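Owing to the predicted nature of the structure, the values given are computational and were not obtained by experimental measurement. Only heavy atoms go into these numbers, but all of them, side chains included; no hydrogens, no water, no symmetry mates.
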Amino acid sequence: MRGGSGEIGTLVQEPGQALVRPAAQLVGERAVSGHPLNATEPPVKAVELHHGAATDVGLVREVNEDSYLAAPPVFVVADGMGGHEGGDVASAIVVEEFGRLADAGYDPARGTDVIAGTLRDCQRRISEYGAAQRARGAGGFHAGTTAVVALLVEDHGEPKWLLANLGDSRIYRFSEGRLEQVSVDHSVVQELVEAGAITEDDAAVHPERHVITRALGGPDAAEADYFLLPLGSVERLVLCSDGVTGMIGDDLMAEILARADDPRDAADQLVGAALAAGGKDNATVVVVDVVGLVSEFSYDSDAQRVSLEQKLGALP
């Protein structure tokens, strides 16, 4: 499933519409690059972003439990756990809550509090949903999800990326031809690697490589890790589920990111590579390019979209 640059993921809840909706209904709606961070606050310098996203159920699973959001300046990938009506609903809740944040705006000077508060809302709703299912007789029912988040914030008057992660979905930055993993997996094998008990190569084939140590939906609220990056240190940002990183290595990921100028093509090709390598899990990628800064914000969605399409070669 491909998402066009500047055309993915805003969420608008209609009166009477269920709060929990299938993940497929939470993506593919229109968002426009250049969304103001908070309509009630003086905006930071506007940042022009191009983005693309792709997701696929893979070649083994029957249900896609991944969800994503690309609603500038908010980007999310969530990898659900618990099967149909468990993992897919949990990841959809994450996308919906961050979609509300993208629609309503936020204080860019309080990014960590903004993300932490939204994650608490996700945890509460996922826990309530699981409890309701068990109360209806679904013994052993579990709904959980990882989450990686990228948010534009303001730090000392300058726009920066604030990144957060829970679980083993990942965030990478790609700059000057070099790929670097920013997030640190919350997993059993990562703890073993850090303890020196196994190597990175051992971790890739370890029987417990899919066991994660932090996630949304567990009995205890898990704290996310946060990373603050200057915009100039990131040419391209990549958020992805382990259905991608578990199938392809960093070298191939870097090669694809280097040759695909359009972030939509980069996302498509990364998911395609994961499928070609076996597609053993749902695979989801969001790719975001920082194109430039605009000194004063003037929001015109039609003009923004036309300008974006011209830059990407869609218009003469």
Would D242 and R170 count as a salt bridge (charged side-chain N to carboxylate O under 4.0 Å, His left out) here? Give the steps. CA-CA 7 Å; D242 71 335; R170 292 181 178 178; over 6 Å; no
Can you list everything that forms a salt bridge (charged side-chain N to carboxylate O under 4.0 Å, His left out) with [X]? Sequence neighbours excluded, please.
X	value
R110	D113
E128	R124
R136	none
E235	none

CG of L166 to NE2 of H186, rounded to nearest 0.5 Å, is 6.5 Å
Check whether any side-chain heavy atom of [X] sits under 4.5 Å from a side-chain heavy atom of [Y], and report yes or no.
X	Y	answer
L49	V47	yes
V76	V148	no
E154	P159	no
V182	Y172	no
N64	D56	no
V63	V57	no

**Report entry** For R134, all residues meeting side chain to side chain donor-acceptor pair (under 3.5 Å), sequence neighbours excluded
**Finding:**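 Partners of R134 by the side chain to side chain donor-acceptor pair (under 3.5 Å) criterion come out as none, since no residue qualifies.
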Across all chains, not counting sequence neighbours, the side chain to side chain donor-acceptor pair (under 3.5 Å) partners of D155 are K160
| task | For residues D262 and R236, report the shortest heavy-atom separation together with the two atoms involved. | result |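 Result for this residue pair: C-NH2, 3.9 Å.
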In short, Q123 meets G217 closest at the heavy-atom pair OE1-N, 2.7 Å
Answer yes or no: are there more than 12 heavy-atom neighbours, outside E223 itself, under 6.0 Å from its atom CD?
no
[Y] reachable from [X] in the ILVMFWY side-chain graph, under 4.5 Å edges:
X	Y	value
V149	V244	no
F174	I248	yes
V286	L151	yes
I115	V234	yes
V287	V74	no

Salt bridge (charged side-chain N to carboxylate O under 4.0 Å, His left out) assessment of R214 paired with D225:
CA-CA 10 Å; R214 291 191 224 174; D225 288 338; 3.2 Å; yes
Note to self: For R125 and E96: C-alpha separation, side-chain torsions, deciding distance, then whether side chain to side chain contact (heavy atoms under 4.5 Å, CB included) applies.
What the structure shows: CA-CA 11 Å; R125 286 186 58 196; E96 186 170 89; 3.1 Å; yes
Donor-acceptor side-chain pairing of [X] and [Y] below 3.5 angstrom:
X	Y	value
Q181	R173	no
T145	S91	no
S241	D66	yes

